[in-house]
Trainee: 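Pasting in a structure now, in structure tokens, and then I'll have a few things to ask.
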Amino acid sequence: MNQPYMPGHVDPILAAGDEPACNTSPNAYFGEVLEARMSRRSLLRGSLAAAVAGAMATSLPFGRALAAGTGTAAPSIGFRAVPVGTTDSVVVPEGYRAQTFIPWGTPISGNMPAPSLDASGEDQAHQVGSHHDGMHFFPLEDSSRDGLLVLNHEYVEPRFLHAAARGLALDSDGFPQHEDGSRDPDQVRKELNAHGVSVVRVRHAEDGRWQVVEDERNRRVTGLTPMRLAGPVAGTEHVVTQYSPDGSMTRGTLNNCANGVTPWNTYLAAEENWAGYFANEDTEIDRRQARYGIQTRSEGRYQWHRAEGGGDEFIRFDASARGASPREDYRNEPHAFGYMVEIDPYAPESTPVKRTHLGRFAHEGVVFAPAAEGQPVVCYSGDDARFEYIYKFVSARPYRAADADGSLLDEGTLYVARFNDDGSGEWLALAPGENGLTPENGFADLADILVNTRSAADHVGATRMDRPEWGAVDPVTGQVYFTLTNNSRRREGQVDAANPRAGNHFGHIIRWQEDGTHAAARFRWDIFLLAGDRESGRGLNGEPLDRDAILACPDGLWIDPDRRVWIQTDISESVVNQGDHEVFGNNQMLVANPDTGELKRFLTGPIGQEITGIAMTPDQRTLFVNVQHPGATTPAEAFAAGEPTSHWPDGGNALPRSATLVITREDGGIIGT
Ligand code: FEO
Ligand code: CA
Ligand code: CA
């Protein structure tokens, strides 16, 4: 089945910014949805039982707990839920503490430049970036008190970065610029360096607080860092540029939303809404850019290509064909974005690698199935835009702990998911000659398929989802969960069983069980949760959500070693605390029991932010969580008047800053129990 590209499918610049707005249109009641769901539930249970029995019989990879013989016991969720929050503060349950940590601008390397609006673009390359997102704690010597905290910086609000922005009427997307539209190059450098990834050594100090430790591994990877391309797209004509005539290299990673951790203990940063950063004045734009939201336009998100002086690292954000050949301009620069980027946090000199075989799209993140010796490596990734898809990669070579590395991600098969209405599902291979992906149908070879991942998925008839965000894998059952944050544009005639609500402005969570190992070609699926208020939300057993459990726009998702399902919300700043969304208050984090569906609010954040990014120490006694874009709700006039809606975390008259929370229990116990 061919699903042609529909213009208007993606908002070109705005959605390429960060979060397309939740829609506020009323939502129909969904009795049939629930009925269908209950019948799929019994199918999924049957398939889960078979899978677990199979895993026990054949030692297939369903995680440490089964191997340890602890069975599938449901985790305890022992704290008292916190109420919906509307204040400019972080609230955690009684008996818990939250320390604010490494806000934007915290020095980590070089001459340790102090945080300041006056700090230079070069200073920013030695400071924690902005808009904290996906995150992981890499222990040093297996310690739960000393490790490398690695986190993404999704984007920036230039008004909160530059002294020159003071007093200007700038909204969340605004930036200082000259009258002719050009930009100060050091501001541009600072914005590029405030993107990317931070690697920071952190340690639990004597007084119980966590602190940054100066360390040779501390590092910023930014929008300017040289990166290697690997996998089938590397070295092809798709990615040759003036900077890299052989198509082997590019510069920087952008809009890093969620993350992943490989079985060989490296970090993967996702490139999500990268398309908006590019201008392209060509009158004809092919699917390699058009299908990703780049259309004919002279503007990019922050106008980086208009930096004064025309530095090569800036003009590359203009993808117009200006030279005599692709080796003399940056028409191909956008083809080097939209990937998962591998970073080895333990090797500060290593070059980050873009793993092209995992597909090119608006990667929200990636989650790996538990690796098993001698079995393929399997990982899952969602494409976060309205009506986009969920993908799975299966490596060609088997995993062997002794010598596993990122090259395992360079050979294999990328699949895309089809969710059938009867609760079955299948993985459709995006490979030459498979499912109609032939030269006659416009797919020349594997590199062409991968650089055009979205078009290939259209061609094979994948299921168009309600904005796939984070995924998580249950360490015991192997069930895979994905958040579908919302999709205001789905109309009545477009609903299907996996995306059952028209005008889906509150989102849902889907889960599936592979038929056998994670490399299987088929699966059974069900809906775990319909997010919403007390009328429209439904828990695992079809029951309405109570006041301790209501939520909208699930985004961040993680399952801890005891199987607690942690859910973080991202109601867009354009609707948070307004209209139908008012009842949910500020963005929050909840915990669910995967077996009973019990759901409890654990944390609420300050004004204007989203909660995103989650990591735990191996002893489960320290939890790291990110607070992104506090104060993003500040109108332009209020910014000009020095009155942001949030002063978190510094208080007083301070501008808001994204930061990490370090959450512990007063009694030192395991988080969540
Ligand atoms: Fe960056 Fe899809 O959230
Ligand atoms: Ca997100
Ligand atoms: Ca989101």
Side-chain angles (χ1 to χ4, degrees), residues 10-11 14-23 129-136 151-157 172-173 195-197 253-260 268-277 292-293 301 337-338 340-341 361-367 380-391 465-472 481-488 504-509 531 551-558 566-576 581 584 586-589 605 608-615 625-629 632 658:
V10 183
D11 295 331
L14 290 180
D18 186 47
E19 311 301 351
C22 295
N23 180 301
S130 196
H131 289 58
H132 303 30
D133 209 315
M135 173 167 58
H136 188 71
L151 62 154
N152 290 346
H153 301 289
E154 188 177 21
Y155 66 108
V156 299
E157 286 164 272
S172 178
D173 299 318
H195 280 73
V197 177
T253 183
L254 294 173
N255 215 271
N256 302 108
C257 198
N259 65 301
L268 288 174
E271 298 186 321
E272 191 193 14
N273 293 311
W274 46 272
Y277 296 78
Y292 295 87
R301 184 176 190 182
F337 286 82
M340 293 299 317
V341 183
F361 45 90
H363 277 281
E364 175 72 18
V366 67
V367 60
Y380 302 90
S381 184
D383 182 354
D384 180 12
R386 298 179 185 97
F387 301 109
E388 293 298 343
Y389 308 114
I390 294 175
Y391 297 87
M465 310 299 287
D466 286 346
R467 297 188 53 202
E469 299 257 22
W470 291 50
Y481 290 64
F482 261 78
T483 49
L484 296 160
T485 195
N486 62 69
N487 182 355
S488 53
N504 180 12
H505 51 296
F506 295 149
H508 56 289
I509 298 178
L551 77 161
C553 307
D555 185 344
L557 188 71
W558 182 65
W566 297 81
I567 302 166
Q568 303 174 317
T569 74
D570 176 19
I571 302 170
S572 164
E573 63 259 30
S574 63
V575 293
V576 70
H581 293 84
F584 305 107
N586 298 343
N587 278 306
Q588 55 169 310
M589 181 167 74
Q609 52 74 46
E610 67 175 276
I611 298 293
T612 183
I614 181 165
V625 171
N626 283 327
V627 175
Q628 186 190 106
H629 65 73
S658 295

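Ligands are counted one by one from 1 in listed order, and the atoms in each one are counted from 1 as well.
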Trainee: Would E610 count as a contact for the Ca ion (ligand 3), in the sense that one of its N, O or S atoms lies under 3.0 Å from it?
Mentor: no
Trainee: Is there a donor-acceptor contact under 3.5 Å from the side chain of W274 to the main chain of F361?
Mentor: yes
Trainee: Which residues satisfy the ring pair (Phe, Tyr, Trp, His ring centres under 6.0 Å) test with Y481, sequence neighbours excluded?
Mentor: F528
Trainee: N486 side chain to F506 main-chain N or O, any donor-acceptor pair under 3.5 Å?
Mentor: no
Trainee: For atom 2 (Fe) of ligand 1, find the closest N/O/S atom belonging to E272 and write down its atom name.
Mentor: OE2
Trainee: Can you tell me the N, O or S atom of E469 that's nearest atom 2 (Fe) of ligand 1?
Mentor: OE1
Trainee: If I consider every N, O or S atom in E469, which one ends up closest to the Ca ion (ligand 3)? I only need its name.
Mentor: OE2
Trainee: If you consider just the N/O/S atoms, which atom of D384 is the closest one to atom 2 (Fe) of ligand 1?
Mentor: OD2
Trainee: Does D555 reach the main-chain N or O of Q568 with its side chain, forming a donor-acceptor pair under 3.5 Å?
Mentor: no
Trainee: Under the 3.5 angstrom rule, does the side chain of T569 hit a backbone N or O of P554 as a donor-acceptor pair?
Mentor: no
Trainee: Please determine if atom 2 (Fe) of ligand 1 has an N/O/S atom from D570 lying under 2.8 Å away.
Mentor: no
Trainee: Under 2.8 Å from atom 2 (Fe) of ligand 1, is there an N/O/S atom belonging to D555?
Mentor: no
Trainee: Under the rule for ring pair (Phe, Tyr, Trp, His ring centres under 6.0 Å), what residues qualify as partners of H508, not counting sequence neighbours?
Mentor: none
Trainee: Using only N, O or S atoms, tell me which atom of D555 is closest to the Ca ion (ligand 3).
Mentor: OD2
Trainee: For the pair D133 and N152, evaluate side-chain hydrogen bond (donor to acceptor under 3.5 Å, both in side chains) and give the outcome as yes or no after the intermediate values.
Mentor: CA-CA 5 Å; D133 209 315; N152 290 346; 5.9 Å; no
Trainee: Using a distance threshold of 3.0 Å, state whether an N, O or S atom of D570 lies below it from the Ca ion (ligand 3).
Mentor: yes
Trainee: Of all the N, O or S atoms in E364, which one sits nearest to the Ca ion (ligand 2)?
Mentor: OE2
Trainee: Have a look at E364 and say which of its N, O or S atoms is nearest atom 2 (Fe) of ligand 1.
Mentor: OE1
Trainee: Does N255 use its side chain to pair, donor to acceptor, with the backbone of E271 at less than 3.5 Å?
Mentor: no
